[in-house]
Amino acid sequence: MIYPEILFVTNREDFSVDYLITKMPNMVGRYFRLNSEDVDSLKFSYSPDGTLSLSFEDFYISFSKLRSAYFRRAPSIFHPPIDKSDSQFLNREKRHLLEGTYLSLDINWVNPIFSTYSAERKVYQLTLARRLGFDIPKTLISNNVDGVRTFLDETEGCIIKPISHGIQ
């Protein structure tokens, strides 16, 4: 049985966590790294009394001594199901299992998952920045093509950005 004190929630491509682990002395046996690519290979057990454990191949992990977690990347890369029509349902179930589990852990978090989700929402960021008194540029968020054209015609020097992330 392994009793980690630190949980890293990330994926295999996260070289920042790799680097961080190498720079922390005496980490062997003290942490567990939950990579999104491995979620389908793990067997979870959770009870509302706070008991959380999982197993992976011949490893059994108890989170009874867990003190802190570092949320880097949401596990969202899941293996496709046998029946593709089940994908949305199963991915949503897995995501809710993980998110509910994170919320249930009474530990210290670096980058708590839902605070991170909120911070990634540009509409919310702009609203909060305005409330806090920051100077923000003239901004329009819209799906009204005519309104966007008018805004572009009336505004000198525009930046166009997605409200989520990615390249189109």
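Annotation: side chain of Leu34 is in contact with side chain of Leu42 (closest heavy-atom distance under 4.5 Å). Contact check for Phe8 versus Asp14: no side-chain heavy atoms found under the 4.5 Å cut-off. Within the 4.5 Å cutoff, the side chain of Arg33 has no heavy atoms near those of the Arg72 side chain. Side-chain contact between Leu128 and Phe134: absent, with no pair of heavy atoms (C-beta onward) separated by less than 4.5 Å. Between Lys94 and Leu97, every side-chain heavy-atom pair lies at or beyond the 4.5 Å cut-off. Residues Ile113 and Val9 are not in side-chain contact: their nearest non-hydrogen atoms beyond the backbone lie 4.5 Å or more apart. At a threshold of 4.5 Å between non-hydrogen side-chain atoms, the residues Phe151 and Cys158 count as touching. Using a 4.5 Å cut-off on side-chain heavy atoms (C-beta onward), Phe32 and Leu66 make no contact.
Residue Phe71 holds its CZ atom at 10.5 Å from CG of Leu7, rounded to the nearest 0.5 Å. Annotation: the span from Ser64 atom OG to Glu5 atom CD amounts to 10.5 Å, rounded to 0.5 Å. One distance of note links OG1 of Thr139 with NZ of Lys122; it measures 12.0 Å at 0.5 Å rounding. Taking OG from Ser62 and CG from Leu52, the interatomic distance works out to 8.0 Å, rounded to the nearest 0.5 Å. Distance check: Arg92 CZ to Asp86 CG gives 11.0 Å after rounding to the nearest 0.5 Å. Residue Lys43 holds its NZ atom at 9.5 Å from CD of Glu57, rounded to the nearest 0.5 Å.
In the hydrophobic cluster analysis, where Ile, Leu, Val, Met, Phe, Trp and Tyr join through side-chain heavy atoms closer than 4.5 angstrom, Ile136 is grouped together with Val123. Linking ILVMFWY side-chain heavy atoms closer than 4.5 Å, directly or via other members, places Phe44 and Phe63 in a single hydrophobic cluster. Following chains of ILVMFWY side-chain contacts shorter than 4.5 Å, one can reach Tyr124 starting from Leu132, so the two form part of one hydrophobic cluster. There is a path of hydrophobic side-chain contacts, each under 4.5 Å, that joins Ile6 to Ile21. One hydrophobic cluster, built from ILVMFWY side chains closer than 4.5 Å, holds both Val39 and Leu105.
For Lys161, the NZ atom is loosely surrounded, since the number of other residues' heavy atoms within 6.0 Å does not exceed 12. The 12-atom threshold is exceeded at CG of Asp83, counting heavy atoms of other residues, nucleotides or ligands nearer than 6.0 Å. For Phe114, the CZ atom counts as densely surrounded, since its 6.0 Å shell holds more than 12 non-hydrogen atoms of other residues, nucleotides or ligands.
Nearest heavy-atom pair across Arg12 and Glu37 is N-OE1, 3.0 Å. Nearest heavy atoms, Leu140 versus Gly147: CD2-O, 3.8 Å. In plain terms, the two heavy atoms of Ile107 and Ser68 that are nearest each other are CD1-C, 3.9 Å.
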Worksheet item: Going through the checks in order, is the side chain to side chain contact (heavy atoms under 4.5 Å, CB included) test met by Ser53 and Tyr60?
Response: CA-CA 7 Å; Ser53 61; Tyr60 297 92; over 6 Å; no

Item to complete: Show your reasoning for whether side-chain hydrogen bond (donor to acceptor under 3.5 Å, both in side chains) applies to Thr51 and Asp49.
Response: CA-CA 6 Å; Thr51 305; Asp49 69 0; 2.7 Å; yes

